[in-house]
Amino acid sequence: MNCSISGEVPEEPVVSKTSGLLYEKRLIERHVLDYGKCPVTGEPLTMEDLVPIKTSKIVKPRPVQAASIPGMLGMFQIEWDGLMLSNFALEKQLHTAREELSHALYQHDAACRVIARLKKERDEARSLLAQAERQIPMSMSTSVPENGSALSNGKRASEDDEMGPDGKKLRLGISSKIIEELTDCNAALSQQRKRRQISSSLALVDAVERYTQLNSYPLHKTNKPGILSVDIHNSKDIIATGGVDTNAVVFDRTSGEILSTLSGHSKKVTSVRFVADGELVVTGSADKTVRIWQGSESGNYDCRHILKDHTAEVQAVTVHATNNYFVTASLDSTWCFYDISSGSCLAQVSDTTSPDGYTSAAFHPDGLILGTGTAGAVVKIWDVKSQANVARFDGHIGAVNSISFSENGYFLATAAQDGVKLWDLRKLKNFRTFSPYDEDTPTQSVDFDHSGSYLAIGGSDIRVYQVANVKSEWNCIKILPDLSGTGKVSSVKFGPDAKYVAVGSMDRNLRIFGLPGEDGVMES
């Protein structure tokens with residue numbers, strides 16, 4: 001007898017008093033609890049209506065599929081397929097879980113990095129704030145200088161500057177006395193150039209050909225690597241560097257020691273220059289300010305003036321041959337002429353014909369001509385006395401990153417994305433172009449040595465050329481590798497008598513290339 005629900009022989013048979021039908025006990029009890037009626041007739045049914053039937057123990061017959069070998073193989077195949085499907089689903093779930101875990105770990109790592117950076121910026125901001133608070137009492141007690149531009153802790157008070165009808169600051173202008181001083185300096189230097197003889201101690205070509213790295217000095221911070229500007233005080237053989245870490249460093253090459261770290265700018269230092277005997281240093285920064293630093297008896301440099309005449313990044317600083325004046329060039333499309341002793345901006349010159357900001361600047365060795373390079377690939381030549389644009393050179397591709405006048409007074413070298421161009425200032429034309437790198441590698445720096453005998457350029461490496469005349473070939477006599485590993489040489493500068501080349505790259509190290517044992521400095 002079979003169960004009226006499952007159709008199979010029941011293990012615990014019961015019969016309904018009302019309908020007389022046979023059921024499996026567990027099945028009919030569940031149905032009665034859920035519906036309260038007979039599953040076949042639909043009549044009301046309770047547990048009391050079910051009568052258990054006693055039967056002898058029987059052995060269930062084997063399923064039809066298990067009665068033959070092919071049937072059993074089919075059952076095994078079905079079980080195997082089910083097992084494989086279950087295993088595939090588990091592996092898929094495992095893969096998804098691993099991806100989610102990896103993503104969560106990446107997010108956690110990124111969050112930790114952001115938190116660390118924010119903590120560092122917070123600490124730096126607190127340090128700057130504490131420094132400013134310490135300086136406020138000093139500024140309260142500083143007296144007003146004679147020129148009327150109030151100076152407090154090196155800061156010129158902008159609220160005391162007189163404003164013109166166009167809303168711009170009124171400048172004193174370059175007076176006739178200053179023009180006379182510049183003219184006298186020009187005449188003296190021109191006469192000296194005519195009588196000038198190349199120094200007997202100048203490095204010879206065969207010595208330059210054997211230059212190699214002598215030293216590498218970690219001057220700047222590791223968290224913001226990069227040396228953007230290098231200047232050398234020839235008589236003292238000290239080097240100044242400007243870094244991405246917002247600091248400038250004054251370094252004694254002979255002893256290998258840092259003399260002073262100039263901290264105060266809030267963004268990268270884009271340009272650094274020595275003044276006169278090295279007791280003054282001028283720095284320009286991406287924070288739109290220029291600072292004049294005064295050397296002290298202790299060897300440290302203290303900020304003497306903070307100049308805030310530009311409204312965009314200051315890209316270049318160049319000092320006049322008198323050592324009494326300097327010029328700054330900015331991305332705000334102006335250049336400023338300053339008096340060093342007072343920190344006063346005597347003239348701020350803009351070119352209304354071109355909105356491109358200035359990316360480089362340099363004085364001619366005689367001091368009456370100023371050269372500027374723009375972000376629009378144009379080189380402009382200015383008459384300092386009249387502040388008039390007297391010439392412009394086109395032909396570069398990309399921003400003009402660096403310019404350098406030769407000591408002979410005739411040649412100008414400019415560096416940009418497309419390489420280096422040489423200009424003859426007598427005929428105002430380009431007479432030679434160097435394209436040492438591919439189109440994706442800009443030339444960042446160019447520098448004539450003080451004698452005008454060699455030209456160094458920096459890009460993905462450092463190349464030294466022997467200077468010739470307009471018609472003769474300028475030969476590349478030495479290629480020095482960029483050992484920083486960044487492939488970005490940002491600044492090159494010849495030392496005294498071209499005895500060495502100082503190189504700044506986009507890491508924290510200042511590198512010195514020269515001839516081992518030539519100058520008495522121990523090789524590291």
ask   = Is a salt bridge present between D507 and R511, judged by a nitrogen-to-oxygen distance below 4.0 Å?
value = yes
inquiry  = Can you give me the closest heavy-atom contact between R273 and D231, atom names plus distance?
reply    = CA-OD2, 3.3 Å
inquiry  = With a 6.0 Å cut-off (strictly less than), is the heavy-atom count around NZ of K380, excluding the residue itself, greater than 12?
reply    = yes
Distance-minimising heavy-atom pair for S285 and K268 = OG-O, 2.9 Å
Between N234 and H450, a side-chain donor and acceptor under 3.5 Å = no
key: Sidechain-backbone polar pair: S296 side chain, N300 backbone, donor-acceptor under 3.5 Å   = yes
message = Which label fits Y325 and F337: parallel for a plane angle under 30°, tilted from 30 to 60°, or perpendicular past 60°?
response = parallel
key: Modelled atom types, side-chain donor and acceptor of Y454 and D447, under 3.5 Å   = no
remark   = By ring pair (Phe, Tyr, Trp, His ring centres under 6.0 Å), F513 pairs with (sequence neighbours left out) none
inquiry  = One thing to verify: whether D424 and R426 come together as a salt bridge, which I'm taking to mean a side-chain N less than 4.0 angstrom from a carboxylate O.
reply    = yes
Flag for S344-D339: side-chain donor and acceptor within less than 3.5 Å = no
inquiry  = Looking at D332 and T311, would you say the former's side chain and the latter's main chain have a donor-acceptor pair under 3.5 Å?
reply    = yes
ask   = Got a second to check how far R508's CZ is from T241's OG1, nearest 0.5 Å?
value = 11.5 Å
request  = Please check if the distance between the ring centroids of F434 and Y465 is under 6.0 Å.
outcome  = yes
query = Counting only heavy atoms not in E209, do more than 12 fall under 6.0 Å of its CD?
reply = yes
remark   = Between S360 and N401 the two heavy atoms that sit nearest each other are CB-O, 3.6 Å
ask   = Going by atom types alone, do S263 and T261 pair a side-chain donor with an acceptor below 3.5 Å?
value = no
ask   = Quick one: are I179 and I174 in side-chain contact, heavy atoms under 4.5 Å?
value = yes
message = Can you confirm whether the side chains of T328 and W335 place a donor and an acceptor under 3.5 Å from each other?
response = no
message = Treating D287 as the side-chain partner and S266 as the backbone partner, does any N or O pair qualify as donor plus acceptor under 3.5 Å?
response = yes
message = Using a 3.5 Å distance criterion without hydrogens, assess whether the side chain of D418 forms a donor-acceptor pair with backbone atoms of I397.
response = yes
query = Can T183 and N186 be counted as having a side-chain donor-acceptor contact under 3.5 angstrom?
reply = no
inquiry  = Checking side-chain polar atoms at under 3.5 Å, does D309 have a donor or acceptor matched by the opposite partner on Q348?
reply    = no
message = Assess whether a salt bridge exists between R304 and D302, defined as any Lys/Arg side-chain N lying under 4.0 Å from an Asp/Glu carboxylate O.
response = no
task = Establish, yes or no, whether a centroid distance under 6.0 Å links the rings of Y211 and Y500.
result = no
remark   = In short, L331 meets T359 closest at the heavy-atom pair CD2-CG2, 3.9 Å
ask   = Hey, is the main chain of F448 close enough, under 3.5 Å, to the side chain of S404 for a donor-acceptor pair?
value = yes
request  = Could you name each residue pair satisfying salt bridge (charged side-chain N to carboxylate O under 4.0 Å, His left out) that touches residues 448-457, not counting sequence neighbours?
outcome  = none
ask   = Quick one: are the ring centres of Y217 and F251 less than 6.0 Å apart?
value = yes
remark   = Heavy atoms of T318 and A362 approach each other most closely as OG1-CA, 3.5 Å
Nearest-0.5 Å distance that lies between atom CG in L307 and atom NE2 in H310 = 9.0 Å
ask   = For the side chain of H364 and the backbone of G409, is there at least one donor-acceptor N/O pair under 3.5 Å apart?
value = yes
task = For S451 and I198, indicate whether the former's side chain and the latter's backbone hold a donor-acceptor pair under 3.5 Å.
result = no
task = Could you tell me how the ring of F363 sits relative to the ring of H320: parallel (under 30°), tilted (30 to 60°) or perpendicular (over 60°)?
result = perpendicular
inquiry  = I'd like to know whether NZ of K488 has more than 12 heavy-atom contacts from other residues, nucleotides or ligands below 6.0 angstrom.
reply    = no
query = Can a donor-acceptor pair be found between the side chains of S505 and D482 at a distance below 3.5 Å?
reply = yes
task = Decide if atom CZ of R113 counts as having more than 12 heavy atoms of other residues, nucleotides or ligands within a radius under 6.0 Å.
result = no
note = For I292 and G343 the tightest heavy-atom approach is CD1-CA, 4.3 Å
Rounded distance (nearest 0.5 Å) linking atom CG of D366 with atom SG of C185 = 8.0 Å
More than 12 heavy atoms from other groups under 6.0 Å of CD on E439 = no
key: Presence of salt bridge, R117 and E121, under 4.0 angstrom   = yes
task = Verify whether one side chain among W423 and T414 offers a donor that lies under 3.5 Å from an acceptor in the other.
result = yes
inquiry  = Quick one: does any side-chain atom of D356 pair with a main-chain N or O of Y358 as donor and acceptor, under 3.5 Å?
reply    = no
